[in-house]
2 protein chains.
Amino acid sequence: MDKLTATSVFESLASGVRLDVFRLLVKQGLDGMVAGEIASTLELPPTNLSFHLKALTQARLLRVEQEGRYQRYRANIPLMLDLIAYLTEECCAGNPQQCMDLRAESCCSSDLLPPISDNSTKL
Amino acid sequence: MDKLTATSVFESLASGVRLDVFRLLVKQGLDGMVAGEIASTLELPPTNLSFHLKALTQARLLRVEQEGRYQRYRANIPLMLDLIAYLTEECCAGNPQQCMDLRAESCCSSDLLPPISDNSTKL
DNA sequence: ACAACAATTCAATAATTGTTGTATAGTTGA
DNA sequence: TCAACTATACAACAATTATTGAATTGTTGT
């Protein structure tokens, strides 16, 4: 994960519309959705959705596949996982106890992140 | 985690300068850094850094504390963890096998995320 | 080939964001 | 109190981003 990739992804998610689109597609998983379904679900003008789909796709957060006259979009979940890893790299000054204390303050991450191994500097 | 909070955080991290600042402070953990240290480490004009520190602080990604004539900044790691949870909510259409397959594609997340429990819909 | 449909591109406009230098507010130590 | 220092606020300008309607490209089914 290089910096340019990371900022592109964050830029993509910095818009309420694009965040809605991405989260909707994360929920759909491998099924994905075609553009028209997304537009009607989120009640967006097709033109505007297209603008945001393009931004998300250029940032590689979405993958697109043609299906006849439809375009099916899917969330690029592995990229999202890489981004999370990039964000937490070398955290907490190499002090695992800090990581544990900080995780305890988070309202909902306890079931999402793994136990901290003693030799790890990661969250 | 509401949508406005999430987009503010992503907006904050959408700039290369702010991403550098935040990752630097994640590394420092609870120690944090004062503004001048950050500016000299990243070789930024103080004025410009101040602009970005303000944006990060308003998004609550940074906490600031006065120390005499210095301002000490620290990363708000619990907020970051909440954001990660928000992003992966209800993912993969409730199908844990999809989650596992997708995790296998990520280059570096295997040591960062927990085993998937059978009844979980989360990554 | 043709009419209907799905989606995107284009052009115009509105609104927001980033960077820099200068000026200002607050703190420290002699 | 005064000079030095830390950091931010302000103003001006450059650059980018978001939204909309109209036009365009490509696909389907008859």
Side-chain angles (χ1 to χ4, degrees), chain A residues 3-25 28 31-76, chain B residues 3-25 28 31-76:
Chain A
K3 187 162 84 173
L4 186 58
T5 301
T7 52
S8 300
V9 171
F10 287 126
E11 172 65 38
S12 293
L13 297 173
S15 139
V17 171
R18 289 194 296 266
L19 184 56
D20 286 342
V21 171
F22 182 70
R23 295 216 314 146
L24 177 60
L25 290 174
Q28 300 302 311
D31 296 342
M33 288 175 87
V34 299
E37 285 181 297
I38 301 171
S40 56
T41 301
L42 301 179
E43 294 179 325
L44 291 169
T47 275
N48 193 18
L49 176 64
S50 209
F51 171 82
H52 291 296
L53 287 175
K54 186 178 177 183
L56 284 160
T57 304
Q58 281 178 343
R60 298 194 304 158
L61 258 181
L62 299 186
R63 305 282 191 198
V64 60
E65 187 185 2
Q66 183 138 13
E67 275 184 12
R69 75 176 90 176
Y70 301 90
Q71 299 284 328
R72 182 167 298 271
Y73 287 88
R74 293 182 180 87
N76 182 354
Chain B
K3 188 162 83 173
L4 186 58
T5 301
T7 52
S8 300
V9 171
F10 287 126
E11 171 65 38
S12 293
L13 296 173
S15 137
V17 171
R18 290 194 294 268
L19 183 57
D20 286 342
V21 170
F22 181 70
R23 295 216 315 147
L24 177 60
L25 289 173
Q28 300 301 311
D31 297 341
M33 287 175 86
V34 299
E37 283 182 296
I38 301 170
S40 57
T41 301
L42 301 179
E43 296 180 324
L44 291 169
T47 272
N48 193 18
L49 177 62
S50 207
F51 171 81
H52 291 296
L53 287 174
K54 186 178 177 181
L56 284 160
T57 305
Q58 282 178 343
R60 297 195 303 157
L61 259 181
L62 299 186
R63 305 283 191 198
V64 59
E65 186 187 0
Q66 183 141 12
E67 277 183 11
R69 77 176 86 177
Y70 301 91
Q71 301 282 330
R72 181 167 297 273
Y73 287 88
R74 292 183 181 86
N76 182 355

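So you know, we letter chains A, B, ... as the sequences are listed, proteins then strands, and number each from 1.
Under the side chain to side chain contact (heavy atoms under 4.5 Å, CB included) criterion, A:Ala39 pairs with A:Leu49, sequence neighbours left out. For A:Ala35, the side chain to side chain contact (heavy atoms under 4.5 Å, CB included) criterion is met by A:Leu53, A:Tyr73, not counting sequence neighbours. Applying the salt bridge (Lys or Arg N to Asp or Glu O under 4.0 Å) criterion to A:Arg72, with sequence neighbours excluded, gives A:Glu67. Partners of B:Asp20 according to the side chain to side chain donor-acceptor pair (under 3.5 Å) rule, which considers only residues two or more places apart in sequence or in another chain, are A:Lys3. For A:Arg60, there are no salt bridge (Lys or Arg N to Asp or Glu O under 4.0 Å) partners, not counting sequence neighbours. Partners of A:Lys54 according to the salt bridge (Lys or Arg N to Asp or Glu O under 4.0 Å) rule, which considers only residues two or more places apart in sequence or in another chain, do not exist here. For the side chain to side chain contact (heavy atoms under 4.5 Å, CB included) test, residues two or more places apart in sequence or in another chain that qualify with A:Ala55 are A:Arg18.
Taking OG of A:Ser8 as the start and CG of A:Leu13 as the end, the distance is 11.0 Å to the nearest 0.5 Å.
Among residue pairs with one or both ends in residues 36-49 of chain A, those qualifying as side chain to side chain donor-acceptor pair (under 3.5 Å) are A:Asn48-A:His52; sequence neighbours excluded.
Taking a 4.0 Å limit (strictly below) on heavy-atom distances, residues 56-74 of chain B reaches DNA chain D at B:Arg69, B:Tyr70, B:Gln71, B:Tyr73.
B:Leu25 places a side-chain heavy atom less than 4.5 Å from the side chain of B:Ile38. The shortest side-chain heavy-atom distance between A:Gln66 and A:Gln71 falls under the 4.5 Å cut-off. Side-chain contact between A:Leu42 and A:Val21: present, with at least one pair of heavy atoms (C-beta onward) separated by less than 4.5 Å.
Bounding nucleotides for the chain B contact on DNA chain C, 5' to 3', at a heavy-atom distance below 4.0 Å, are C:dG18 to C:dT28.
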Check: protein-nucleotides 15-20 of chain D nitrogen or oxygen pairs below 3.5 Å:
residue	atom	partner	partner atom	Å
D:dA18	OP1	A:Arg18	NH1	3.2
D:dA18	OP1	A:Arg18	NH2	3.1
D:dA18	OP2	A:Arg18	NH1	3.4
D:dT19	OP2	A:His52	NE2	2.6

Check: How does DNA chain D look in dot-bracket notation if pairs are Watson-Crick or G-U with both distances under 3.5 Å, crossing ones as [ ], other-strand ones as |?
Finding: ||||||||||||||||||||||||||||||
